[in-house]
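The block underneath contains the structure these notes are about, expressed in structure tokens.
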2 protein chains.
Amino acid sequence: MNVLRFFISCFIFTTFVFAQQVSTPSLSTLSVENMRKIQSAALESDYALVQTRYLTNNIGPRLSGSPQYNRAAEYVAEEMRKLGLTVTMQKVKVPHWVRGIETGEIVEFSGMAPGTTQKVVLTALGGSVATPDSGLTGEVIVAENFAELERLGKQAVAGKIVLFNYKFDRELAAAGFGGDAYRQAVAYRSSGASAAARLGAVAVLVRSAGGSQNRLTHTGALRYAPDVQKIPAAAVSSEDADLISHLAGEGKVRIKLTLTPKTLPDADAYNVIADLKGSEKPEEVVIVSGHLDSWDLGTGALDDAVGVAAAMQVPYLLKKLGITPKRTIRVIAYANEENGLAGGNGYAEAEKNNIVRHFAAIESDLGASNTLGFLFSGKEQAIPLFQPISEVLSGQGAGIVRWQAGGVGADIGPLTSLGVPSFAPLFDTRTYFNYHHTTADTFDKVEPRNLAKLGSLMAVLAYGLAEMKVEIPR
Amino acid sequence: MNVLRFFISCFIFTTFVFAQQVSTPSLSTLSVENMRKIQSAALESDYALVQTRYLTNNIGPRLSGSPQYNRAAEYVAEEMRKLGLTVTMQKVKVPHWVRGIETGEIVEFSGMAPGTTQKVVLTALGGSVATPDSGLTGEVIVAENFAELERLGKQAVAGKIVLFNYKFDRELAAAGFGGDAYRQAVAYRSSGASAAARLGAVAVLVRSAGGSQNRLTHTGALRYAPDVQKIPAAAVSSEDADLISHLAGEGKVRIKLTLTPKTLPDADAYNVIADLKGSEKPEEVVIVSGHLDSWDLGTGALDDAVGVAAAMQVPYLLKKLGITPKRTIRVIAYANEENGLAGGNGYAEAEKNNIVRHFAAIESDLGASNTLGFLFSGKEQAIPLFQPISEVLSGQGAGIVRWQAGGVGADIGPLTSLGVPSFAPLFDTRTYFNYHHTTADTFDKVEPRNLAKLGSLMAVLAYGLAEMKVEIPR
């Protein structure tokens with residue numbers, strides 16, 4: 001996920017514990033029985049694992065605009081048709097940014113053996129403009145954060161390559177606040193280029209926004225401010241940020257940076273929309289979703305093949321068990337979450353006159369660590385209605401219901417803004433940001449048991465919502 | 001370290017526990033008091049840390065034959081001269097292998113989107129011959145181990161690229177048997193190329209011999225059998241080995257491999273030998289050593305700047321405390337441990353007529369994790385003599401003395417074979433092989449407290465041996 005959009009205005013207010021039964025159960029005894037059946041089947045199913053493996057190992061990275069993205073969209077559509085669902089391919093225009101050569105070397109530093117340089121492990125940030133093909137060489141100036149950059153001022157920064165050395169807080173992540181640690185660090189990836197360019201910098205390096213200590217780089221979208229010169233931008237590994245910072249403390253450090261990404265004309269991509277028709281209120285939909293696009297360094301297993309696969313598993317399980325929900329369950333594999341949100345925005349725009357028919361929306365986009373419950377964004381007084389669902393989920397250790405302001409997922413964010421009650425799995429985030437947006441986001445990082453639990457949570461929650469006897473207050 | 005040579009014939013026989021005092025202490029009360037002073041000073045010193053940082057951050061990777069290696073040798077010599085030691089630069093001829101381009105991509109596989117490939121993260125093994133500059137494309141055949149390769153036979157293997165997918169045993173490493181896990185896996189790195197070539201393979205890929213799950217590759221020397229065609233050889237990350245293996249189970253997999261390393265004529269390098277003259281028996285020497293060369297992907301912090309730095313710290317501490325040992329303490333920074341052992345062999349060859357003057361040799365070459373005690377290779381009946389030393393070391397949690405057959409270090413191995421009592425720190429090996437020989441072997445991996453403990457162990461042991469009142473039986 002591009003967690004920035006998700007977390008930027010988002011504060012966790014409360015953990016809601018159901019101390020006692022509410023007076024009027026929102027779900028029938030039969031619905032609850034079915035939820036338990038779905039849960040048992042989900043915990044034993046490897047459908048989501050098989051789909052994740054295909055999307056990652058056989059198709060690979062799926063950056064918007066790439067042939068892999070469109071192949072993946074076709075694949076998901078085929079799989080949903082196989083289950084008998086009605087599939088719509090919703091066209092959206094997406095950015096088409098292509099990574100090129102990316103190399104860095106320190107060409108001047110204290111202690112340098114004659115005739116040598118030191119390599120810098122780096123990767124272009126998504127959307128970055130290129131350096132000249134022959135590279136760009138400049139002196140480095142290091143700022144720990146935005147405030148320090150401002151203190152340095154134009155005179156010190158102009159003509160330099162700025163390194164933002166803001167350190168991802170591993171302790172915060174280890175304590176379970178991975179999202180918060182990420183939100184703090186990712187501001188430099190997102191806005192560092194323009195902040196540096198405003199003071200005349202010629203390029204920007206950003207310490208990778210993640211917890212890895214394995215010389216990995218963390219790509220992700222940057223945002224150029226419209227009124228500032230666009231300068232080349234790359235993420236460096238934490239080790240290289242430490243190295244450059246140390247050497248810059250001892251004397252002049254000059255770096256040669258070569259980045260040759262290209263921004264091509266916007267491309268056609270598709271949201272895959274697959275409906276399992278409801279038996280009683282087919283015109284009302286409960287969305288289960290993830291995003292099908294990924295960054296290009298790894299194969300986007302945790303971000304977010306698992307989310308799409310867990311969503312795909314919902315109709316699979318219902319079909320297998322012969323259970324038809326009252327409302328329509330709509331699987332959506334969104335295009336272009338990572339670098340544009342064209343998928344989420346496009347869907348919401350197309351459905352804006354039909355928004356009251358959207359009973360609820362669920363999105364999974366924080367990997368496949370252990371699930372602890374679910375997040376809800378909507379009217380807080382609705383929470384008691386979800387008690388029968390969370391009671392079932394507590395049987396798999398996922399009984400927490402947590403209300404969250406500002407939305408719970410990037411793609412469904414536009415729907416949340418339009419009043420659609422929104423849900424997402426609540427994950428253990430302690431390790432997610434070690435792999436997120438790096439080359440190491442690959443299939444082996446998916447722990448099958450945790451993915452099965454995620455699949456169960458998505459299915460129980462989706463079915464439960466599709467069966468609810470009352471409306472969720474908006 | 002190139003642990004292969006170290007572990008190949010090596011079995012740990014016993015952990016020796018001192019149940020009671022021996023009758024004649026091998027060290028005087030004054031010597032023991034001095035050991036405790038040295039220990040206190042070492043645990044508070046950052047000398048080794050500062051040296052490690054300079055060798056890794058300011059000089060960088062130090063592969064034999066590189067300008068960085070020779071710069072590092074000069075640097076160590078200068079630092080030792082600063083302490084007033086007598087320095088000898090012992091010239092040795094070393095291999096001069098230079099890494100080139102290294103790329104891999106899967107160009108045919110099941111599920112492939114038209115017009116795409118999948119990248120393979122790989123690195124040339126040290127000493128590998130090159131592919132053509134334009135690359136080499138071939139079908140992959142996967143073998144889990146040597147036995148499976150043999151079963152496949154010439155007919156299946158000829159003309160193919162062999163992937164050895166032998167999995168480093170992470171559980172074994174996590175249980176404290178990191179060296180054993182490594183020894184099992186590294187056989188494929190070392191001998192895989194010739195085993196495959198013997199059956200007609202055109203190139204070999206070897207799953208990285210290490211515990212990392214971060215798409216890192218593990219380089220290291222290979223050995224071509226003299227009677228077999230030399231074929232290009234690369235290590236792939238565990239993730240890519242899994243990927244290729246999975247895809248090969250579904251259909252034909254073809255890989256394009258480009259490796260352009262060069263083997264240049266042997267180069268001049270230097271063992272740095274620095275003597276702190278003994279007060280009573282200056283002609284007898286106790287060696288404290290590590291190897292100064294490193295692989296070229298990372299900066300060789302754990303392998304083995306820390307070993308050299310901890311050895312350098314021994315005379316530093318003695319000078320600082322004004323303590324002069326009875327025997328000469330000789331610091332050696334060996335050239336070319338990683339890909340040739342020219343340093344260790346050259347030293348032993350030069351000293352072969354003087355071997356009886358070598359009272360003992362210590363080498364540290366397994367990183368800087370927590371030290372638990374020391375290893376000893378020599379006559380087992382000597383062990384009680386070390387009791388006063390291990391008693392002091394037990395004060396820092398490093399009281400184990402473990403006898404080990406077959407030597408305890410690669411560079412001092414030739415001395416061990418000539419009868420010199422040999423010693424090495426006993427490390428916690430649980431994490432070492434996550435970084436060893438990878439691009440992530442950088443300064444930040446050095447935990448200052450553990451390095452201080454290593455420095456203390458090296459100094460206490462070296463001084464204790466230099467003070468011993470009796471000979472160690474040979």
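A note on names: the letters A, B, ... follow the listed sequences, proteins ahead of strands, and every chain is numbered from 1.
- Only the side chain of A:Phe109 comes within less than 4.5 Å of a heavy atom in chain B; its backbone stays farther off.
- For chain A, the option among B:Leu247, B:Ile59, B:Asp242 with the highest count of heavy-atom pairs below 4.5 Å is B:Leu247.
- Under a cut-off of 6.0 angstrom, the local environment of CZ in B:Arg430 is sparse, with at most 12 non-hydrogen atoms contributed by other residues, nucleotides or ligands.
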Original post:
Can you list the steps and then say if B:Asn58 with A:Glu250 is a side-chain hydrogen bond (donor to acceptor under 3.5 Å, both in side chains)?
Top reply: CA-CA 10 Å; B:Asn58 296 80; A:Glu250 295 186 339; 2.6 Å; yes
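- Rounded to the nearest 0.5 Å, atoms CD1 (B:Ile244) and CG (A:Asn57) are 10.5 Å apart.
- The minimum heavy-atom distance between A:Gln213 and B:Lys445, with the atom names listed, is O-CE, 2.8 Å.
- Interface residue A:Thr442: only side-chain heavy atoms are found under 4.5 Å from chain B.
- Contacts of A:Thr56 with chain B are made by backbone atoms alone, with heavy-atom separations under 4.5 Å and no side-chain atom involved.
- Contact detail for A:Arg215 and B:Gly298: the closest heavy-atom pair is NH1-CA, 3.8 Å.
- Note on A:Thr299, A:Thr116, A:Asn434: by heavy-atom pairs under 4.5 Å with chain B, the leading option is A:Thr116.
- With a threshold of 4.5 angstrom between heavy atoms, A:Gln118 approaches chain B through side-chain atoms but not through N, CA, C or O.
- Of the atoms belonging to A:Asp444, it is side-chain heavy atoms, and not backbone ones, that fall under 4.5 Å from chain B.
- Comparing A:Ser238, A:Gly60, A:Ser110, A:Pro61 by heavy-atom pairs within less than 4.5 Å of chain B, the highest count is held by A:Ser110.
- Among the candidates A:Ala72, A:Pro67, A:Ser212, A:Pro114, the residue making the largest number of heavy-atom pairs closer than 4.5 Å to chain B is A:Pro67.
- Counting heavy atoms of neighbouring residues, nucleotides and ligands inside a 6.0 Å radius, atom CZ of A:Arg170 exceeds 12 of them.
- Of the listed residues (A:Gln68, A:Glu74, A:Met112, A:Arg71), the greatest number of heavy-atom pairs within a distance under 4.5 Å of chain B belongs to A:Gln68.
- Residues B:Thr439 and A:Lys119 are in side-chain contact: their nearest non-hydrogen atoms beyond the backbone lie under 4.5 Å apart.
- For a residue to count as touching a neighbouring chain, one of its non-hydrogen atoms must lie under 4.5 Å from one of that chain's; by this rule A:Tyr75 does not touch chain B.
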